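Below, chain A is the first sequence line, B the second, and so on; all start at residue 1. Treat the numbers as computed from the prediction; the structure is a model and nothing was measured.
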Amino acid sequence: MSDADNREEIIQYVPFISFVHPSFWHTLTEIKLNIDKLNETSKPIYGRFTYRDDIGAVFEVDGTSFNKVPETEHLYTSVKGTIINKNTVEEFKSIDKAALLNSVGKTIWENLKEGTWIDKPSSLLNFFIFSFADLKKFHYFYWFAFPAPSQPTVYLTRKGSCITSAFTNKQLEDLAQSYKALDDEQKCFFSIIKENDTIQVQTLAQFLRQTECHLAINAVYFVFQDPSNGVNPGWALRVFLAALLDYCPTLIGCNINVIGLRCNIFGGVENSCIFSVKIPVDVTKSDAAGWVGWERNDKGNFGPKLANMSASLDPVVLADTSSDLNIKLMKWRLVPDIDIEVMKKTKCLLLGAGTLGCQVARDLLAWGFRHITFLDNGKVSYSNPTRQVLYTHEDCLNGGKKKAEAAADNLRRILPSVVTKGIVAHIPMPGHPVGESLREETLRNIKIITEAIEEHDVIFLLLDSREARWLPTALGASYKKIVINAALGFDSYVVMRHGAADGSSTAGSAYTNAKWISGGDLGCYFCNDVTVPGNSLQDRTLDQQCTVTRPGLAAIAGALAVEILVAILQHPQRELAPAPYNLSDEGESIPGLEGVLGPVPHAIRGFLHSYQTMLPTCPKFNQCVACSVIILNNYMAEGSEFLLKVFNSGKYLDDLTGLSQWRLNAEMTEVLTLTDDDEETSDI
Amino acid sequence: MNSAIELEEFLHAAQEFVKKSDEIGDGWSIKECGDDKSKTFLKKDLYVEHTDDNNSILLKMEYIIFYNLSYGVPAFSFNIWNSSGTLLSLEDVRKMSFIQISQKDFYSVITQQEHPVFQRPYFIVHPCHTEELLATFKNKSQNIIVTFLGLITPLVKLDLPLKYGL
Ligand SMILES: [Zn+2]
């Protein structure tokens, strides 16, 4: 047996490779959160390995590992084990890993000494998982161990050879049949007696306790289900040999035959492997030996592994991807050219967190926007929650929360992954003089508002007074932002986009007979008022206090404001998208009118009493008090000082723009003193 | 056109399919989920070794065929994960070419969703067109699961042995 080719080598066992099914973490998390909570006691679990000849030495756990009865799978063997889950990362780190393995080993060895394993060989197999579950991040640190005594050290007298070299086909068939007939717990380790042409499968109990010892040792084969499918035997053999030597010291000094049982998918055993194991005379006993079996991690070191399961377990991530799916489905089913990313990236600033602000925020969320900032100075009052859809009764208690902050908090409760914040600031207004006492505060507010506008891509004007729209209109134009404006009357509304700041400035006359206006030449909220004199009467009904509007109006106008924004973002020319004068004869003669979601109107005016909608389109007015070049130039030159002049006197704007017929201040006074009698009549 | 497949028909076809799979060693098994028959599913899993840039990793793929109640058709889903149980992303799946469709169509055919049977994320192949496609094959009277898999296998790297009687 010992020629040069068959040199003795220390046996190398193929270690198990742990393989965790995602459902294992799902179940562990459920148990930890709902049953165990802070309890750290170890739990019995099941794992399994396969001795299929086409799969390596994987050791699997899954969601059913925690069941009382293990799920069985064809050609897999269930192994009883334990999970020890720690509550803190410190405890996980600080525990003495060698001592832990030795103490587990000691228990195993004590049981083994009682000899019950001979009747129930499956009890030799063992594993445990040492883990720490970070359930805030859904990170799981874990370390598998497959305990086995480090001794005895035995030798292979030659490389493993295929079973067909020693067994006939007939014998292999008999082996497969007899093996199938064994009880499950006898299948892991058993024996074969091979005499002449016949083979006889015996359980270990039959062989070790009953069989007469007249047999030559080379007629006996010790069989184990072999997790390995390579040239070396799998790890399961290690503890088997230790137990065998402990029970039968007579084997010391012998060469024994071992079969690593490896099955094909039909149960055939012809790929099994025979190992010739030499047990040296001076072999070290297992009793005093240390225990080994910690698994190496992906870097090849003895250390824990990490499962980052946040993408499949974190409800915040799941909510985010699921709501994305709504928009993706729209793309896949109906609008293949829609750009989903642009919504995710676009940062929206909502000036006003009242009826309109709440509504706009919800619709933005639904469209996949993930950056939404509220700016408002008010507090939530008892009258708000019924109309302002982000607030609840709790927000009104104890004097009321700040609206901007409550809106952001509540938006986060709807979708935790949204990036949102509330800014508490008052928007200074033209014709509202700033005395010395208010100067500092006004400058601070200007700074906050300016910075907020600079930080965002889109500014929504959702305020309840016209004067408050002046500053953000001028700043929006100065900082070249997309500005969307929505205003409510009692039963009418207007939703519009302001002209893009980068457009041409051929405003006015060039468009007298045109069919459309470039997005760069569209008027702002204030252009409108004066370019269409006599229309001012219509506008009187806008910018009512929200409580005197028909309740459905905010939902309609808010939705349209968001839809206009999305239409702009999905248009190849974005904010420069042309607006037709008459959408109904849209088409052939207007170049680039259609965006991915259709043409983008300049403004939408709706009248609830007649359920009618108009789409007025107006060019920029070059004497506009808010968006004209002269205003922007003055702001650029003087900054806050210019703004303070405007706040101190509405007439300053008239003088500056040469707009004598238009008195902002007077008109604002008129709006503010509006009475019921002045409300719209049938002329709109 | 109502060419939906009754649950009973699905279950029967599934049983027959697994019998055939056992005969040819294809690895499909049938599983039940509680008492709800409509949650009965077919499962096949296998290990795949993926190699790129000299790195080799062992991955596990799981294929699930379940019954889509709202469409009344079989539906196909799958997951791929590494040894820690972390799922591969759809982008990974595409890059590793476990699935063979053009990048343009890829994301419109497959989405990661909460699985109706397992309540965990799975990649699910959209059932929108399954019904019509199956209808065109229905009269051929072969096992409906085999027909269905015949529609899926051009997309998914999945062997469908001829022994199924394709
Ligand atoms: Zn203007």
* Kindly check if the number of other-residue, nucleotide or ligand heavy atoms within 6.0 Å of NE2 (A:H74) is above 12? => yes
* Most chain A-contacting option - heavy-atom pairs closer than 4.5 Å, from B:S89, B:S29, B:G85, B:P121 -> B:G85
* **A:S23 portion near chain B, given a 4.5 angstrom heavy-atom threshold** => both
* What's the shortest heavy-atom distance between A:F19 and B:K60, and which atoms? -> CE2-CB, 3.6 Å
* Asked: Should we say atom CD of B:E49 is surrounded by more than 12 heavy atoms from elsewhere, each under 6.0 Å from it?
  -> yes
* Verify, without hydrogens or angle tests, whether A:W25 (side chain) and B:T86 (backbone) share a donor-acceptor contact under 3.5 angstrom. => no
* **Least distance between heavy atoms, A:I55 atom then B:Y47 atom** => CG2-CD1, 3.7 Å
* How long is the gap from CG on A:L318 to CD on B:Q113, to the nearest 0.5 Å? -> 12.5 Å
* To do: For residues A:K305 and B:S83, determine if any side-chain heavy atom of one lies less than 4.5 Å from a side-chain heavy atom of the other.
  => yes
* To do: Kindly indicate, with the supporting measurements, whether the criterion side chain to side chain contact (heavy atoms under 4.5 Å, CB included) is fulfilled by B:S84 and A:Y142.
  => CA-CA 9 Å; B:S84 75; A:Y142 67 101; 3.2 Å; yes
* Structure fact -> Residue set satisfying ring-ring contact (aromatic ring centres under 6.0 Å, His included) with A:H26, at least two apart, ordered chain then number -> none
* Value rounded to 0.5 Å, distance of CG in B:D22 from CD1 in A:I265 -> 8.5 Å
* Is it true that atom NZ of A:K93 has more than 12 heavy atoms of other residues, nucleotides or ligands lying nearer than 6.0 Å? -> no
* To do: Would you check if A:S312 and B:R120 make a side-chain contact, meaning some heavy-atom pair closer than 4.5 Å?
  => no
* Top of A:I17, A:L313, A:V58 for chain B proximity - count of heavy-atom pairs under 4.5 angstrom -> A:V58
* Contacting region of B:E62 [heavy-atom separation from chain A under 4.5 Å] -> side chain
* To do: Please state whether the side chain, the backbone, both or neither of A:F24 comes within less than 4.5 Å of a heavy atom of chain B.
  => neither
* **Interface moiety of B:D45 toward chain A, non-hydrogen atoms closer than 4.5 Å** => side chain
* Structure fact -> In terms of heavy-atom pairs under 4.5 Å with chain B, the winner among A:H21, A:E73, A:M309 is A:H21
* **Max heavy-atom pair count under 4.5 Å with chain A, selected residue of B:L58, B:I57, B:N79** => B:L58
* Heavy-atom distances under 4.5 Å only: say whether B:L46 touches chain A with side chain, backbone, both or neither. => neither
